[in-house]
Amino acid sequence: MARDYPLNKTRNFGVIAHIDAGKTTTTERILFYTGVSHKIGEVHEGDTVMDWMEQERERGITITSAATTAFWNPTYMSKEDVSKKCRFNIIDTPGHIDFTIEVKRSLRVLDGAVVVFDGVAGVEPQSETNWRYATEGNVPRICFINKLDRMGANFDKAFNSILERLSKKAVRMQMPIGAEENFSGIIDLLIMKEVKFEGDKGKDIGFTEIPAEFLEEAKKRRAEMIERIVETDEKMMTDYLEGKEFTIEQLKATIRKATINNELFPVFCGSALKNKGVQLVLDAVIDYLPSPLDIPAPKGINPNTGEAMEVEVSDTAPLSALAFKLQSDPFVGQLTFIRVYSGTLESGSYIYNATKNKKERVGRILRMHANDREEVKTVYAGEIAAAVGLKDTVTSDTICNEDHPVILERIVIPESVISMRVEPKTKADQEKMGMALSRLGIEDPTFRVSSDPETLETIISGMGELHLEIIVDRMKREFNVEANTGKPQVAYKETILGSSSGEGKHIKQSGGRGQYGHVKINIRPIDYSVATEDLPKNTKRYDNFEFINATKGGSIPQEFIPAVEKGLREAMDRGTLAGFKMVDISCEVYDGSFHEVDSSEIAFKLAASMALQDAVAKAKPVILEPIMKVEVVTPDKFYGDITGNLSSKRGQIEGMDERGMDKVIKALVPLSEMFGYATSLRSMTEGRATFTMEFGKYDVVPSNIAKDIAENKK
């Protein structure tokens with residue numbers, strides 16, 4: 001069966017933004033204008049298509065990314081001419097920092113992104129985080145400054161915030177007519193026409209002459225736009241300096257090439273809620289964002305040889321696809337969302353999981369429309385779908401053809417920063433809780449479950465208070481597990497500031513064969529300025545741990561070196577100060593001794609663990625805590641109270657900005673001081689201030705507080 005849409009007319013893109021910038025509202029308009037839905041869902045009414053979870057509709061926020069498929073013919077084409085009509089595979093992502101993994105893994109498999117900004121706030125903290133993820137993944141972007149009908153909206157100010165805080169490569173493609181309640185239309189600077197949105201929900205688009213009072217500014221802005229565009233192309237720049245004029249098609253071709261190469265970020269404007277501007281963003285997706293053929297070929301490694309390789313993006317090439325998300329569906333079981341990079345995937349076929357070295361059978365293939373499903377027989381290169389029946393495949397696994405194995409680049413999972421104790425209410429809940437936590441952990445890689453070795457309590461860890469609150473709520477609703485929860489705990493870590501040596505000797509004699517292991521080590525903080533590929537031959541660098549085998553003359557036989565490494569790694573799980581996990585330590589094993597008869601793997605493992613404990617105690621051990629980037633938006637009159645309060649929480653005020661009539665305070669504050677901040681901020685400001693927070697870095701805890709943490713832990 002042949003594909004129904006050519007590869008060059010496929011666009012895989014996501015809608016990303018800070019919380020409350022209007023992503024889901026924009027996506028609902030996209031579904032309405034493309035004909036996927038016949039009614040516009042509104043976030044404030046709790047009836048959106050893309051926010052389908054009960055928790056999302058109750059809170060009015062996006063929690064999980066939702067995928068859908070739509071078709072679009074540009075507004076400047078006649079209905080009969082479908083030569084530019086494209087298929088869109090769209091993912092609507094969350095804006096809240098607690099669910100940042102959804103953005104990260106979506107951007108890993110998408111070819112482009114529409115970044116939505118609030119016309120009042122401009123660039124916000126999560127906008128910067130999402131932009132950074134897109135930059136890391138080399139994802140081309142177009143920008144949409146939304147909510148220009150809101151009080152305090154200012155297109156120029158929002159555009160300048162993109163230039164200042166995100167990229168100087170942003171280029172203004174439009175300008176609004178009027179602002180706030182007077183926002184009435186858009187001037188397209190490329191075709192120099194006013195665009196009007198009329199009829200039912202702004203469906204009818206009309207192009208008219210630019211009103212006289214806006215003409216001069218439009219000409220000035222167009223000249224700036226053309227200057228930015230030609231800067232990306234040497235020949236065009238030469239022609240421009242010689243005074244040549246360019247056709248709209250020439251300009252579009254140059255913008256497309258520059259956008260795909262991340263040399264330009266076209267900026268559009270409008271108001272999704274008032275049905276203005278969204279169709280022009282869809283035109284821009286077709287005109288400027290890449291098809292799967294326009295981006296560099298995906299890279300991977302051959303698991304058999306370890307050699308780097310490129311994947312050919314074609315239906316006829318061997319299959320290669322990346323699993324990027326798992327989701328439990330009450331009707332069909334576990335769904336594995338996959339992006340097919342090459343070849344075809346057919347329902348009922350056998351596939352090879354190269355990451356796990358296992359064969360699996362694909363039961364059914366579904367094309368998802370949020371939580372609705374459409375069954376398909378075949379998925380082609382460049383498409384996104386969900387497979388049913390894959391038991392061992394999890395997020396970041398590569399599935400491929402067994403005769404042509406490849407492992408594609410993995411998705412990097414952020415560290416969890418907050419933990420909470422959870423216990424079942426009844427014996428019946430106890431049996432179900434383990435299964436529920438396991439299923440939720442498979443779905444969400446940032447959610448982790450562990451057991452406290454001393455108290456045997458179950459500890460759940462995640463990205464924030466809201467994240468864990470949603471997990472507990474889902475346990476109750478989806479798995480009928482009632483649970484009691486303890487106060488959230490901060491995910492502290494331990495490290496060392498100095499260097500030292502340590503020795504561990506494990507000797508046990510108790511009749512018959514004894515145990516003997518003796519290890520000497522040097523430790524120091526890892527020097528991350530030295531790249532992994534430049535490390536000496538006998539060095540292995542893992543996440544937060546480095547192991548160097550510097551033994552000479554067989555002081556420790558080679559067969560015991562893996563046991564020594566294992567002992568050191570296991571000892572890293574429990575620090576000397578308060579028992580938190582140790583990080584960023586480089587361990588060099590330089591000497592030791594063994595016994596011909598009594599030495600064993602377990603003896604060397606225990607000796608290595610003792611050596612590390614001994615060395616760490618002498619290497620200036622410290623506790624690290626997560627420091628959050630906090631942004632508070634408040635009316636001017638509460639500015640002093642809030643800065644004083646943040647300082648009392650060991651906060652470091654980084655700067656102050658103005659947003660309309662409000663003040664924006666930016667600070668770095670330890671996570672341990674931010675529990676319950678929403679309530680205290682409300683009471684401090686008559687409920688008029690809001691705040692957002694995201695993980696910034698780990699930093700050393702002051703010694704007096706470290707002492708309290710250690711005592712509380714004991």
Side-chain angles (χ1 to χ4, degrees), residues 6-13 30 33-34 71-88 111-115 139-145 159 162 167 169-176 186-195 205-210 218-270 277-295:
L7 203 50
N8 65 341
K9 289 191 180 169
T10 299
R11 301 286 184 273
N12 297 312
F13 70 95
I30 291 173
Y33 296 133
T34 54
F71 296 88
W72 183 248
N73 200 36
T75 55
Y76 51 80
M77 307 294 289
S78 68
K79 284 184 180 172
E80 293 72 34
D81 183 359
V82 291
S83 59
K84 283 205 171 186
K85 190 174 185 180
C86 284
R87 165 188 268 154
F88 291 164
D111 304 327
V114 175
V115 191
V139 178
R141 282 144 275 174
I142 59 177
C143 305
F144 176 53
I145 295 176
F159 177 71
I162 296 172
S167 174
K169 298 172 184 174
V171 57
R172 186 193 316 244
M173 303 299 295
Q174 299 172 339
M175 56 179 268
I186 291 165
I187 292 171
D188 188 317
L189 298 173
L190 200 62
I191 59 173
M192 283 301 274
K193 296 278 185 192
E194 179 190 351
V195 189
I205 293 180
F207 297 91
T208 60
E209 293 306 314
I210 297 170
K219 283 179 180 173
K220 180 185 159 199
R221 296 296 183 202
R222 188 174 199 270
E224 286 171 7
M225 177 192 77
I226 289 174
E227 214 168 284
R228 287 289 299 108
I229 295 166
V230 299
E231 278 173 9
T232 65
D233 186 291
E234 248 180 77
K235 187 181 181 312
M236 275 190 109
M237 188 66 175
T238 309
D239 291 346
Y240 175 73
L241 293 172
E242 288 171 5
K244 286 188 184 171
E245 292 289 321
F246 303 107
T247 65
I248 287 167
E249 287 311 313
Q250 282 175 311
L251 290 169
K252 275 189 175 180
T254 308
I255 298 166
R256 178 176 179 76
K257 186 181 166 195
T259 303
I260 291 169
N261 292 334
N262 282 307
E263 292 168 1
L264 275 188
F265 302 111
V267 180
F268 300 84
C269 64
V278 175
Q279 296 100 312
L280 302 186
V281 174
L282 295 182
D283 291 354
V285 168
I286 290 179
D287 289 338
Y288 309 131
L289 288 185
S291 76
L293 293 171
D294 297 319
I295 56 170

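Just so it is clear, the values below take in all heavy atoms, side chains as well, and ignore hydrogens, waters and symmetry mates. These figures come from a predicted structure and were not determined experimentally.
Using a 30° and 60° split on the angle between ring planes, Tyr288 and Phe268 fall in the parallel class, below 30°.
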side-chain contact (heavy atoms from CB on, under 4.5 Å) between Ile286 and Cys86, worked out: CA-CA 7 Å; Ile286 290 179; Cys86 284; 3.9 Å; yes
Worked verdict on Gln174 versus Leu280 for side-chain contact (heavy atoms from CB on, under 4.5 Å): CA-CA 10 Å; Gln174 299 172 339; Leu280 302 186; 3.3 Å; yes
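Of all heavy-atom pairs between Val195 and Ile205, the closest is CG1-CG2, 3.6 Å. The shortest heavy-atom contact between Cys269 and Met175 is SG-C, 4.0 Å. Asn262 and Pro140 get closest at one heavy-atom pair: OD1-CA, 3.4 Å. The minimum heavy-atom distance linking Arg11 with Leu289 is given by the pair NE-O, 3.1 Å. Scanning both residues, Gly270 and Ile186, for their nearest heavy atoms gives CA-CD1, 4.1 Å.
In this structure, Arg228 contributes its side chain and Val171 its backbone to no donor-acceptor pair below 3.5 Å. Between the Arg141 side chain and the Val115 main chain, no donor and acceptor come within less than 3.5 Å of each other. A donor-acceptor pair is defined here as one N or O able to donate and one able to accept, closer than 3.5 Å; no such pair exists between the side chain of Glu194 and the backbone of Thr208. Between the side chain of Arg87 and the backbone N or O of Phe71 there is no donor-acceptor pair closer than 3.5 Å. Using a distance-only test at 3.5 Å, with no hydrogens or angles considered, no donor-acceptor pair links the side chain of Asn261 to the main chain of Glu263. No side-chain donor-acceptor contact under 3.5 Å links Arg221 to the backbone of Lys219. No donor-acceptor pair under 3.5 Å is formed between the side chain of Lys84 and the backbone N or O of Lys9.
Annotation: the span from Asp233 atom CG to Tyr240 atom OH amounts to 14.0 Å, rounded to 0.5 Å. To the nearest 0.5 Å, atom CG of residue Leu251 and atom CG of residue Leu189 are 11.5 Å apart. We find the CD1-CG distance between Ile255 and Leu190 to be 5.0 Å, quoted to the nearest 0.5 Å. If you take CD1 on Ile248 and CD on Gln250, they are separated by 11.0 Å, rounding to the nearest 0.5 Å. Ile229 CD1 to Arg222 CZ: the interatomic distance, rounded to the nearest 0.5 Å, is 8.0 Å. Distance CD1/Ile260 to CG/Asp294: 4.0 Å, rounded to 0.5 Å.
Aromatic ring centres of Phe88 and Phe13 lie closer together than 6.0 Å.
Counted within 6.0 Å of CD on Glu245, heavy atoms from surrounding residues, nucleotides or ligands total 12 or fewer; the atom is thus considered open. No more than 12 heavy atoms of other residues, nucleotides or ligands lie within 6.0 Å of NZ in Lys244, so this atom counts as exposed by the packing criterion.
Residues Pro292 and Leu7 are in side-chain contact: their nearest non-hydrogen atoms beyond the backbone lie under 4.5 Å apart. Side-chain contact between Phe265 and Thr259 is absent, with no heavy-atom pair separated by less than 4.5 Å. Looking only at side-chain heavy atoms (C-beta outward), Val139 and Asp111 stay at 4.5 Å or farther from each other. At least one side-chain heavy atom of Ile145 sits less than 4.5 Å from a side-chain heavy atom of Ile162.
Electrostatic pairing of Lys193 and Asp188 does not count as a salt bridge here, judged by no charged N lying under 4.0 Å from a carboxylate O.
Residues meeting the side chain to side chain donor-acceptor pair (under 3.5 Å) test with Asp283, sequence neighbours left out: Trp72, Thr75.
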